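First the structure, then my questions, so here it is.
Just so it is clear, the model here is predicted, and its values are computed rather than measured. Convention: sequence-line order gives letters A, B, ...; per-chain numbering from 1.
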Amino acid sequence: MAFGKGHHLHLIDGSAYIFRAYHALPPLTRKSDGLPVGAVAGFCNMIARYVEGNGSSADAPTHVAVVFDFSSKTFRDEIYPLYKANRPPPPEDLRPQFALTREATRAFNLACLETEGLEADDIIATLARQAREAGGRVTIISSDKDLMQLVGDGVEMLDPMKNLRIGRDEVFAKFGVGPERVVDVQSLAGDSVDNVPGAPGIGLKTAAMLIQEYGDLDTLLERAGEIKQPKRRQTLIDNAEQIRISRQLVTLKDDADLDMPLDSLEQRDAEPEVLLEFLNRMEFRTLTKRMADKFKVEPPAAPALPAASASAAAPIAQPQADVPFDAAGYVAIRDAATLSQWIAQAREQGYVAVDTETTALDEMVADLVGVSLALAPGKAAYLPLAHVSGENDLFGGTTRAGGQMDVNEALALLKPLLADPSVSKIFQNAKYDIKIFARLGLTVTAIEDTMLMSSALYAGLHSHGMDVLSEQHLGHTPIPIKSLLGSGKSQITFDRVPVDEAVKYAAEDADITLRLWQKFRPELHQKRVTTVYETLERPLVQVLADMEREGVLVERDVLSRMSNAFAQKMAGLEAEIHQLAGRSFNVGSPKQLGEVLFDELGLPGGQKGKTGAWATGAEVLEDLASEGHDLPARVLDWRQLSKLKSTYTDALQDHINRDTGRVHTSYSLVGAVTGRLSSTDPNLQNIPVRSEEGRRIRAAFVAPPGKSLISLDYSQIELRILAHMADIPALKQAFRDGHDIHAMTASEMFGVPIEGMDPMIRRQAKAINFGVIYGISGFGLARNLRIPRAEAQGFIDRYFERFPGIRSYMDRTVAEAKEKGYVETLFGRKINTPEINAKGPGAGFAKRAAINAPIQGSAADIIRRAMIRMPEAIRNLPAKMLLQVHDELLFEVEKGAEDEVIRIVKSVMEGAAAPAVHLDVPLIVDAGIGLNWAEAH
DNA sequence: CCCGTCACG
DNA sequence: GACGTACGTGACGGGA
């Protein structure tokens, strides 16, 4: 039956339904496994109501389609990259529901339409035009004002919530013009929601008035010079191009190539078994029953819930959890057709685990060798791309192994999947993989990371590498990478592993990642750390990846000259040391040094550690030196130079990247239990600054020509957090008044005035303040201040007397750790304290760690929040965030923009706790500018 | 591979 | 009453 006169097409804006359902309903999860299904439930209810309404309507449709947005990228992004740029990505618990709403549509036996590169509105526009031209009628089920341009000539809209008809009159009431001029008005007024620029300062009212007066947009722009109001006239003249671009954005495409004849949209009734099976599987009890009644059939039996004994750790998909690991079930993807099938399945279900195999651990130099995908437990595949055959040719080179897809072809297929915000891409350590993909020009959105989930759930209980997680949570030991690559000197790179072996290893990694994700997801909710994962962990991945890829410029020549100078000085010191010792020995060997000092020279104060070796730490040597012994003094000098040379001036040069000429550290989000970042290869969080010699190394970190480095650091952030958390009025007031906190502490403790205070007294108060953060002990303070233990204990007693809130905070924290097994930061990050109830010497450690963790961790959370907001805040500034050092951020900025950048960054950092937490103390950030890091700091 | 040492916050 | 102690990291060289 060809669509034509007398036919009536209903076009339902499915995407609008989903978002409306999602936001209107409280989050609802499927009972058996915690899968979020609130939006699906709302969607199904809306569709059910729609279908039921049609049954009794005299104006029932003959043809129906539900239309969806395909993904956020459309042809409009080519016209104007900022289009819809201010739209946040869909919430994490909504993403898996996109695919389910498609499934729901089909279960209701309705045509389900979506097309790559088009918005739902374009599909609706095209079908509406076709239907109109064929002589039929159209009703668009939507209240979206962007669709109002389509009204007229047998096309009308229906607001499904208010059940209101929208015809020409209603459009006129909304826009002040008829449907044919709606586009003109929208082009002028712009749209802040979709980020359509329009003309600045012109809103709907003015736009409508102008169009009424001049007839249409082109005439208006031609005759803009005639406008009386000077400001408005200038705006239109200045922004003519932007207004024309806006028109392109708001004009719906009504000639899209759809490949979907109207005839195929003929209305069909739902098939009871199909619909009921779906609703039942979603566990929508009420709706299942309602539909069963409507069909006059028995509702299907509700799916069995997991046994009541199922623990908090119940895996998300009960039956799948029992799938055993079986490498024989993994497949190799060797052609485009197979890859396309896997990708299609990923899109269908809305999630896929992804893992890359490369030639190196350093993602700045590693080349992609293959990609593995997992769709369900046991269902995983490996896509080999750059394996070489085992045999070297005559020249020591290699040849590409057979049976591999062309790399570019494979990446072209993967690209839209990775970029699709409606499909979750699940990684173990996503930062590594997205950096690899980024170097190949592929962007990854909608990231999930099992490593970060583990950190949010299990910080303090175990580490978060794949092997540990697999063993702990899946009871499965993965194939060791060493079994493929070997170790030591004979180690090979992954591209030399035969493909058949690589499949087993690589696909298993994706399989494990997927299973971990399914297990961790409900646990995040149960342990109430979903917000931690979603706001403090996951969003930082992309931010850090970008910082790491940016790198920092380090002057090789400066380091190299320093290395030489250090070597000379060390040689001189070494000769002196040998002479003082009366023999030559390895100064770098603590064992040999101890023997020289204490056995041979018989110096006092020697102590043997648990390994039986003499202790020769800096403290011991300093004591000896202060007693007038030259040898230990020389060794201290030598050690300082040795440290600076080996760890910094030498090693740093090796970390300068060949291609970029810069140093690229790698941050770990899970390195520290408290939530601090850690930095490796190289560690750029421990570049010297405390000694004059060391600061010269910092001066080798420079800004390129035309740029400056700026450094911004939180002042006393941990003490401020302590003042807030322990609620100490005197400390809070001192911070509010901007007073010297250590002097104030000293004044309170010893009753001396701040004016003209003995610096020694202030120093002691400072040590106590730090000690408090660390979980103070008389012993520790005594050692730090080099005073007798009893005296140190006296200070602490007096401190607690003056600030009793500190002691009660410490007691509360330890009690909480004992009771709950974890402590928390201000932002809900949990740090497990499994040793807190231990007996013996370990108890002290655990207590102090428990006291320190909320303070250090809250500070870490605050700078994380600042970093996450930073890219957006400096989007339009010539500035790049390069490094983080716990309470400091380093930026590279174009000359001239320094003050502006400092102003913005400072405000982001100082406001980073809000709105989640309102601190009783202000956060203060100090800033510095320089051509190198030493100057800027 | 562990230990001692020392660089940072 | 004794025990052993400041919190959190990572990199290096020596030595088994």
With both distances kept under 3.5 Å, what pairs with C:dT9, Watson-Crick or G-U wobble?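 Pairing partner: B:dA7.
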Euclidean distance for P, B:dT5 against C:dT5 (whole angstrom):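 Their P atoms lie roughly 13 Å apart.
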Aromatic contact, A:Tyr799 with A:Phe803 (centres under 6.0 Å): yes
I need a per-nucleotide contact map over nucleotides 4-9 of chain B, read 5' to 3'. Cutoff is protein heavy atoms under 4.0 Å; write B for the base, S for backbone only, - otherwise. SSBBBB
Listed nucleotide nearest any side-chain atom of A:Lys591, set C:dA16, C:dG4, B:dC1: C:dA16
So, A:His578 side chain and A:Phe585 main chain: donor-acceptor pair closer than 3.5 Å or not?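 Here the side-chain-to-backbone pair exists.
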Which part of the nucleic acid, if any, lies within reach of A:Ser777 when heavy atoms closer than 4.0 Å are counted: base, sugar-phosphate only, or nothing? base
Please work out if A:Ala651 contacts a base, only the sugar-phosphate, or nothing of the nucleic acid, heavy-atom cut-off 4.0 Å. sugar-phosphate
Roughly how many Å is it from CG in A:Asp650 to P in C:dC12, rounded to a whole number? 10 Å
Given atom CG of A:Asn586 and atom C1' of C:dG13, what is their separation to the nearest angstrom? 8 Å
What's the separation between atom CZ in A:Arg720 and atom OH in A:Tyr714, rounded to the nearest 0.5 Å?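 So the CZ of A:Arg720 and the OH of A:Tyr714 are separated by 11.0 Å.
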B:dG4 and C:dG4, which share atom name P, separated by this distance in whole Å: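 Going atom to atom, P in each nucleotide, I get 15 Å.
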Which of C:dT9, C:dA11, C:dA6 is nearest the side chain of A:Ser678? It is C:dT9
Counting neighbours of CZ on A:Arg658 that are heavy atoms of other residues, nucleotides or ligands and sit closer than 6.0 Å, is the number greater than 12? no
Atom pair distance, as rounded to whole Å: CD in A:Gln793 and C1' in C:dT5: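 After rounding, the gap between these two atoms is 12 Å.
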A:Asp713 near the nucleic acid: base, sugar-phosphate alone, or nothing, with a heavy-atom cut-off under 4.0 Å?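 Result for A:Asp713 = nothing.
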Looking at A:Thr647, does any N or O in its side chain come under 4.0 Å of the phosphate oxygens OP1/OP2 on C:dG10?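 False: A:Thr647 side-chain N/O out of range (4.0 Å or more) of C:dG10 OP1/OP2.
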By the 4.0 Å heavy-atom rule, please label A:Ala782 as base, sugar-phosphate, or nothing.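 The residue A:Ala782 makes no contact with any strand.
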Just how far, in rounded Å, is C1' of C:dG8 from CD1 of A:Ile721? 14 Å
Per the side-chain contact (heavy atoms from CB on, under 4.5 Å) rule, which among A:Ile796, A:Thr745, A:Leu781, A:Ile806 passes with A:Val772?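 Option passing the side-chain contact (heavy atoms from CB on, under 4.5 Å) with A:Val772: A:Ile806.
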By nearest nucleotide on DNA chain C, pick out whichever of A:His655 and A:Gly671 is the more 5' one.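 Comparing both residues, the 5'-ward one is A:Gly671.
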Heavy atoms under 4.0 Å, any strand shown: does A:Ser679 hit a base, just sugar-phosphate, or nothing? sugar-phosphate
Regarding A:Gly588, tell me which of base, sugar-phosphate or nothing describes its non-hydrogen contacts under 4.0 Å with the strands shown. sugar-phosphate
Return the value, rounded to whole Å, for the distance between atom CZ of A:Arg783 and atom C1' of C:dA6.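 Rounding to the nearest Å, CZ of A:Arg783 and C1' of C:dA6 are 7 Å apart.
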What is the distance, rounded to the nearest whole Å, between atom CD of A:Glu835 and atom P of C:dC7?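 A:Glu835 atom CD is separated from C:dC7 atom P by 14 Å.
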Distance between C1' atoms of C:dA6 and B:dC2 (Å, rounded): 24 Å
Residue among A:Val552, A:Leu709, A:Asn932 satisfying side-chain contact (heavy atoms from CB on, under 4.5 Å) with A:Val702: A:Asn932
A:Leu540 side, atom CG; A:Ile868 side, atom CD1 - distance, nearest 0.5 Å: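 CD1 of A:Ile868 is found 5.0 Å from CG of A:Leu540.
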Could you state the CG-P distance from A:Leu719 to C:dC7, rounded to the nearest angstrom? 17 Å
Base, sugar-phosphate, or nothing for A:Phe845, non-hydrogen atoms under 4.0 angstrom? sugar-phosphate
For the pair made of CD1 in A:Ile776 and P in C:dC7, what is the distance, rounded to whole Å?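 Going from A:Ile776 (CD1) to C:dC7 (P), I get 12 Å.
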Working to the nearest 0.5 Å, report the span between CG of A:Asn683 and OG of A:Ser666. 11.0 Å
